Q: 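For reference, the structure I am asking about is given below.
Keep in mind it's a predicted model, so treat the numbers as computed, not measured. Every chain is numbered from 1 and lettered A, B, ... according to where its sequence line falls, protein lines coming before strand lines.
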Number of protein chains: 2
Amino acid sequence: MDLESLKVKLQDKVGKETIVLAAKCEVIYSGRAESFLAEGDRIIMIKQDKTLLIHQPKSSLPINYMKEETEYNFETNQGELIIKAHNKKYKEDLEINVKKAYFLKSLKLDDDQKLIIKGTERDMAEMIMKNPKIISDDFKPLSREEHTKYGFIDVFGYDSKGNLIVIETKRYVGDPKAVSQLRRYVERIKYAKGVGKVKGILACPRVTPNAKKMLNDFGFEFKKVNPPRYFENEKKKQKKLLDF
Amino acid sequence: MDLESLKVKLQDKVGKETIVLAAKCEVIYSGRAESFLAEGDRIIMIKQDKTLLIHQPKSSLPINYMKEETEYNFETNQGELIIKAHNKKYKEDLEINVKKAYFLKSLKLDDDQKLIIKGTERDMAEMIMKNPKIISDDFKPLSREEHTKYGFIDVFGYDSKGNLIVIETKRYVGDPKAVSQLRRYVERIKYAKGVGKVKGILACPRVTPNAKKMLNDFGFEFKKVNPPRYFENEKKKQKKLLDF
DNA sequence: GGGGAGAGATGCCGC
DNA sequence: GCGGCATTTCTCCCC
């Protein structure tokens, strides 16, 4: 493909359409860190918000990228197309040296849809609020304090003996980080309420050995809880996903 | 574009070439969580390792995706192309209902290059090992214990008074999580070495207010350290050389 | 815009 | 494979 007409098309379409370019190239990045990627075949995508993604033929993550609102400059020089990308906000620079272009496609995509997602940590906390017996027969939830000034505790409550209880939920594996987090919240509540004893519970499907040991060390509990499955229930009831 | 020939091409190329499909579609996912994405225009990519990415015209991350080694099934039904993706290992399912295809491109990409990256947390720890004066005049590093069973302390050492020192490095902002982590390592060392006092240092460019408060509460220190910049140094050297 | 924490996080390395 | 943790994490939500 002719690099000169490629340059013109890129200049014309950047920020207006979603651009997909397959090319042999090398990539240099400098910003939050610094990186170099030697010559190889990749898919380069420039989205309508001027996000840049460079994908190798394997794995999920882009090998290089730039965030939204990046500025672009295209030059041809000695049989190469040089794409210079600069992001003011994040103080990042990226340069692609295109040695060969295999194809270029460009199209205005029309899509304002948001992903509807269920089974998150928030959903777990809400499930516990609505059905506190999941934790124990005598658990009384008080609040699902999310991003309040006071703290970020998933579920907060007390039991029949009047013990304050802090619950940290994790949708997958409870690891040492999760226990540290729980510990921090328990200590915050102890300090804020001026109480000596506060119960800590880690509610998740399973915990790692180190997390289990830490829970033990700090006198916390593990409660096996799985994230809710709304769509699966819907399916079982023979309803359509679109009804959700 | 004719959906029937689209189906044939997808069947033919999947896993062999990197496929890029621009299409109006809806997406249903069920696996670690559950999600639904209503009709809109997207770029669908199937990589040579059978990774699937679905990109909207904005933002960095794919709106839906499947990991490597996903199995595919393509069907046409009532003017729609249905792409069924199943991953055995992760027990995940995804379905794309393609209403309209704008373009389809496919190409075998040849690329085994690895990203060379500098300025990581590991580089920071190595920099401190080589040049301990960054921390203090009397800091003596002992080890950069990385992924040992014993712990994952970034830099471990002692000072002229014989105090043991644990350093946690962060390449960007030190936040409450980082202080919790440091605390955990300090406590591990106290227990393992049977010592009452161990110094904790958080080495990073800056810390958040809450992190600062926590550092204070636990008697830890903040040491301002920036990640190393190899390439930039090279550039400066080159410039200097050119200047002469 | 910064702080704080989740994510269908992903990827890497060690065991 | 799992565990532990960094990431140019990204994204969201609140202040």
Q: For B/Phe152 and D/dC5, say yes or no: do the ring centres fall under 5.5 Å of each other while the ring planes differ by less than 30°?
A: no

Q: Return the value, rounded to whole Å, for the distance between atom CZ of B/Arg122 and atom C1' of D/dT8.
A: 18 Å

Q: Name the closest nucleotide to the A/Tyr65 side chain, picking from C/dG8, D/dT9, C/dG6.
A: D/dT9

Q: Quick one: do A/Glu34 and B/Arg229 satisfy side chain to side chain contact (heavy atoms under 4.5 Å, CB included)? Show the steps, please.
A: CA-CA 7 Å; A/Glu34 294 167 313; B/Arg229 300 251 124 186; 4.0 Å; yes

Q: Using whole Å, report how far CD1 of B/Ile54 lies from P of C/dA9.
A: 17 Å

Q: Would you kindly give the CZ-to-P distance between A/Arg206 and D/dG1, to the nearest whole Å?
A: 13 Å

Q: Considering only side-chain heavy atoms of A/Arg171, which listed nucleotide, C/dA7, D/dT7, D/dT8, is closest?
A: C/dA7

Q: Considering just the side-chain nitrogens and oxygens of B/Lys170, establish if one lies under 4.0 Å of OP1 or OP2 belonging to D/dA6.
A: yes

Q: Hey, does B/Glu168 reach any base, or is it just sugar-phosphate, or nothing, if we go heavy atoms under 4.0 Å?
A: sugar-phosphate

Q: Taking atom P in both C/dA5 and D/dT8, compute the distance separating them and give it to the nearest angstrom.
A: 22 Å

Q: In whole angstrom, what separates A/Arg229's CZ from C/dG8's C1'?
A: 9 Å

Q: If I take atom CG in residue B/Asn64 and atom P in nucleotide C/dT10, what distance separates them, rounded to the nearest angstrom?
A: 12 Å

Q: Under a plain distance cut-off of 3.5 Å, with no hydrogens placed, do B/Ser30 and B/Asp93 share a side-chain donor-acceptor pair?
A: no

Q: Could you tell me whether the side chains of B/Asn64 and B/Ser35 share a donor-acceptor contact shorter than 3.5 Å?
A: yes

Q: Could you check which of D/dT11, C/dG8, D/dT8 has an atom nearest any side-chain atom of B/Ser59?
A: D/dT11

Q: How far, in whole Å, is C/dG8 from D/dC5 if one measures between their P atoms?
A: 23 Å

Q: Indicate, yes or no, whether a donor-acceptor pair under 3.5 Å links the base of C/dG8 to the side chain of B/Glu92.
A: yes

Q: Partner lookup for C/dG8, please. Criteria are Watson-Crick or G-U wobble with both distances under 3.5 angstrom; report none if nothing qualifies.
A: none

Q: With a 4.0 Å cut-off on heavy atoms, is A/Ile63 in touch with a base, just the backbone sugar-phosphate, or nothing at all?
A: base

Q: Return the value, rounded to whole Å, for the distance between atom CG of B/Leu61 and atom P of D/dT9.
A: 13 Å

Q: Phosphate oxygens OP1/OP2 of D/dT9: is one of them under 4.0 Å from a side-chain N or O of A/Arg32?
A: yes

Q: Is A/Tyr90 stacked on the base of D/dT8, with ring centres under 5.5 Å apart and planes under 30° apart?
A: no

Q: Starting from the 5' end of DNA chain C, give me the residue, A/Thr169 or A/Tyr172, whose nearest nucleotide shows up first.
A: A/Thr169

Q: Could a donor-acceptor pair under 3.5 angstrom be found where the side chain of B/Asn210 meets the base of C/dG4?
A: no

Q: What contact category does A/Lys89 fall into here, base, sugar-phosphate, or nothing, at under 4.0 angstrom with non-hydrogen atoms?
A: sugar-phosphate

Q: OP1 or OP2 of C/dA5 less than 4.0 angstrom from a side-chain nitrogen or oxygen of A/Arg184, does that happen here?
A: yes

Q: How many whole angstroms separate atom NZ of A/Lys47 from atom C1' of D/dT11?
A: 13 Å

Q: Minimum heavy-atom separation for B/Ile167 and B/Asp154, please, with both atom names.
A: O-CB, 3.3 Å

Q: Nearest nucleotide by nearest heavy atom, which residue falls closer to the 5' end of DNA chain D, B/Ser60 or B/Gln181?
A: B/Gln181

Q: Can you name the nearest heavy-atom pair linking B/Phe139 to B/Gly157, along with the distance?
A: CE1-CA, 3.9 Å

Q: Let me know the distance between NZ of B/Lys177 and P of C/dA9, rounded to the nearest Å.
A: 14 Å

Q: Return the nearest nucleotide to the side chain of A/Thr208; candidates are D/dC5, C/dG11, D/dG3.
A: D/dG3

Q: Under 3.5 Å, is there a donor on one side chain and an acceptor on the other for B/Tyr191 and B/Glu187?
A: no

Q: Does a donor on one side chain sit under 3.5 Å from an acceptor on the other, for A/Glu92 and A/Tyr29?
A: yes

